[in-house]
There are 2 protein chains.
Amino acid sequence: MTNIREIARLAGVSTATVSRVINDHPYVNEEKRQKVLEIIRRLDYVPNSSATSLKKGMTRIVGVVSGAYTTSSTPFIQAFNIIAQQHGFHVMLFLTDNDCGKELVALEMLRSKQLDALVCLHRANEWPIIESYTKYGPIVTWQRLVNDLIPSVFMDQYQGYMLGLEHLHARGYRRIMNVYSSKGLNTPQRMRAYDDFSKKYWLDDSGFADLHGKVSITDGERIARSWVEQTDKPDAIACSNDDVAAGLLTELKRAGVSVPGEVAILGFDNNNLARLLDLTTVHYPSDKQAENAFAILLDRLGQEAPALHTLEFELIERSST
Amino acid sequence: MTNIREIARLAGVSTATVSRVINDHPYVNEEKRQKVLEIIRRLDYVPNSSATSLKKGMTRIVGVVSGAYTTSSTPFIQAFNIIAQQHGFHVMLFLTDNDCGKELVALEMLRSKQLDALVCLHRANEWPIIESYTKYGPIVTWQRLVNDLIPSVFMDQYQGYMLGLEHLHARGYRRIMNVYSSKGLNTPQRMRAYDDFSKKYWLDDSGFADLHGKVSITDGERIARSWVEQTDKPDAIACSNDDVAAGLLTELKRAGVSVPGEVAILGFDNNNLARLLDLTTVHYPSDKQAENAFAILLDRLGQEAPALHTLEFELIERSST
DNA sequence: TTGTACGCGTTATCAA
DNA sequence: TTGATAACGCGTACAA
């Protein structure tokens, strides 16, 4: 193992001088600098990063905790990875499968200083537990509003959902069924939006039982099959996300149902699937949220951070409504 | 910062004893062990992992280099991440966007011992350059056969493609168009398969110009539009992957073309999209390849490694053929 | 402009 | 069974 002392010895200087050369510090005689650089090249030397981390007290590694790869988490992870790399940070990925123990592994690595910071897309442990780890390094979350201890790049989905509902109304749909997911704060916000929406337009309670806990393509397919058998049918379905909408759309088409002729479908997120299937949807700027998450972490680490994006939902009109 | 010396002082023992307790070494008096454990708990102490890495000479971090998140790379990355975590390793993800410089960052981290090993899903730099890094740690690749220096979990796609072609033939299709991707060894292998296939069944050269360099959904959509305008049409299209097949299928349906009535579509990979759209495809076991990749790395690191899976293609018959 | 020497926090050898 | 101490490799006061 060739180390800094070896280089110093061969170059006929001290380790301090070698270190100065490596880190581009001033006050090094040009000749000696060249000599050192030559030895470094000749011995194929590179500083050991564990030693540097130990000395500097940071690793420049940020952990990303996610339950799994989903069509919604992937764009976030990708964007986060890219911006982190641009700032000389690296990303360690933790797929927890929503298991408390696996999530704890990531938190413990923050504690043991293998990680400088953490971003939690989802969480398995209770908030107080996660909060208790903020004393070891900054933690940012996605999609959840917490408190001062844990900042968030959360967006209130009231506004986004309302955008979609207003669009459905403008297109003439009046018998709207809501398909919600189950987790966290998003659903209450969306329900509130629908509540205000139906009051605003004097829509009497349509009588469709809203669905809950639907998040996957197969969920959407099941909803399609029950729609076909329903006697009193909604004329539009607002989905919890694009996956549900995609499953719904494709299964309806398989059954020969015309979309949007017989029923309109509204997605949420604007992921690849929505683009492929030409689904009308609400764009959820997860890439910008990821960049904000990183900026917040950088700031809390005391480094120069880029400015935050303002986050906005956007209606993407396509052919499913 | 509370460190091992602090613990030793408060427990009235030496750092050696504390270290023994932490690492479950034998020969430590039970009373002292309890005392040490109590102090550790009280001070919320945890060993600094940079120091441990420095001392041990390894970080238990494995790098994963991928051009981007694609529908084919994501399952691999996910499976690799999970198996690595099961073995107490962690994964650092590098999205290179096929940029040599960004890829070099990962290789350099192997050199500087921040990474114990590397798996390359794609590569931007020339092979000799990548090979030159194997002296710093094991490197495994996906989808490319290289040499002893760089083992691979590559699968010869001749067999898989032939599986698909035989299926098309059995279903009665005779006028097959091939849509190839461009990169690497896969295309030549598939072309060889088609060559043998057409000889076996005395298919005269169909006269369809095979397409090359098609890999995305939008590529598939473009192919659909040109199929519609073509006068001499193939009755089946074998695609480079499921994304192309998906774009092709959806755009054809939009144009009112019946699939498989007017034309059959064969995908490759068996990803989520293929399941959603009910595409006939060839299953490519990327999760098993990922687990093999990790096993090979583990073995090269001199650790006990799980047995390798045997890798097999499988035809998934669905409604597009 | 340069070098000495110490500290970062841990593990492990060796002698007791 | 225990402790003193030497690494691991780097960065940087401080003194020169």
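With a 6.0 Å radius and a threshold of 12 heavy atoms from other residues, nucleotides or ligands, N147(B) has its CG atom above the threshold. Other residues, nucleotides and ligands contribute more than 12 heavy atoms inside 6.0 Å of the CD atom of E30(B).
In this structure, the CG atom of L43(B) is 14 Å from the P atom of dG9(C), given to the nearest Å. Put simply, CZ on R33(A) is 10 Å from P on dT1(C), counting in whole angstrom units. One can place CG of N3(A) at 12 Å from P of dA7(D), the figure rounded to the nearest angstrom. What separates CD of Q114(B) from P of dC10(D) is a distance of 14 Å, to the nearest Å. The separation between I7(B) atom CD1 and dT10(C) atom C1' is 13 Å, rounded to whole Å. Between the CZ atom of R5(B) and the P atom of dT10(C) there is a distance of 8 Å, given to the nearest Å. If you measure from atom NZ of K56(B) to atom P of dT13(C), you get 12 Å, rounded to the nearest angstrom. If you take CD1 of I22(A) and P of dT12(D), they are 12 Å apart, rounded to a whole angstrom.
A side-chain donor-acceptor contact under 3.5 Å links N81(A) and Q85(A). Residues T70(A) and S73(A) have side chains that bring a donor and an acceptor to within less than 3.5 angstrom of each other.
Computed from C1' positions of five pairs at each end, the angle between the two local axes of the helix from dT1(C)-dA16(D) to dA16(C)-dT1(D) equals 40°, rounded to 10 degrees.
Looking at the side chain of H25(B), the nearest of the listed nucleotides dA12(C), dT12(D), dT2(C) is dA12(C). The side chain of Y27(A) lies closest to dT1(C), out of dT1(C), dA12(C), dT2(D). Listed nucleotides dG3(D), dT1(C), dT10(C) differ in distance to A16(B); the shortest reach to its side chain belongs to dG3(D). Among the nucleotides dG9(C), dC10(D), dT11(C), the one closest to the side chain of T52(B) is dT11(C). Minimum atom distance to the side chain of A51(A) is reached by dG9(D), of the listed dT4(C), dG9(D), dT10(C). Of all nucleotides listed (dG9(D), dG3(C), dT10(C)), dG3(C) comes nearest to the side chain of V13(A).
For the ring-ring contact (aromatic ring centres under 6.0 Å, His included) test with F80(B), the passing option among F294(B), F89(B), W142(B) is F294(B); the others fail.
In this structure, N48(A) does not reach the dG9(D) phosphate: none of its side-chain N or O atoms is under 4.0 Å from OP1 or OP2. In terms of phosphate contacts, N23(A) brings a side-chain nitrogen or oxygen within less than 4.0 Å of OP1 or OP2 of dG11(D). Distances shorter than 4.0 Å separate some side-chain N or O of S19(B) from OP1 or OP2 on dT11(C).
Classification of E38(B) and R42(B) as a salt-bridged pair holds, one side-chain N sitting under 4.0 Å from a carboxylate O. Using a 4.0 Å cut-off between a side-chain N of Lys or Arg and a carboxylate O of Asp or Glu, R111(A) and E108(A) qualify as a salt bridge. With respect to E291(A) and K288(A), no salt bridge is recorded, no charged nitrogen being found less than 4.0 Å from a carboxylate O.
Counting non-hydrogen atoms under 4.0 angstrom, T15(A) reaches a base of the nucleic acid. Looking at heavy-atom distances under 4.0 Å, T17(B) makes contact with sugar-phosphate atoms alone, never a base.
K55(B) contributes a side-chain N or O that forms a donor-acceptor pair with the base of dA7(D) under 3.5 Å. Below the 3.5 angstrom threshold, one finds a donor paired with an acceptor across the side chain of R20(A) and the base of dG3(C).
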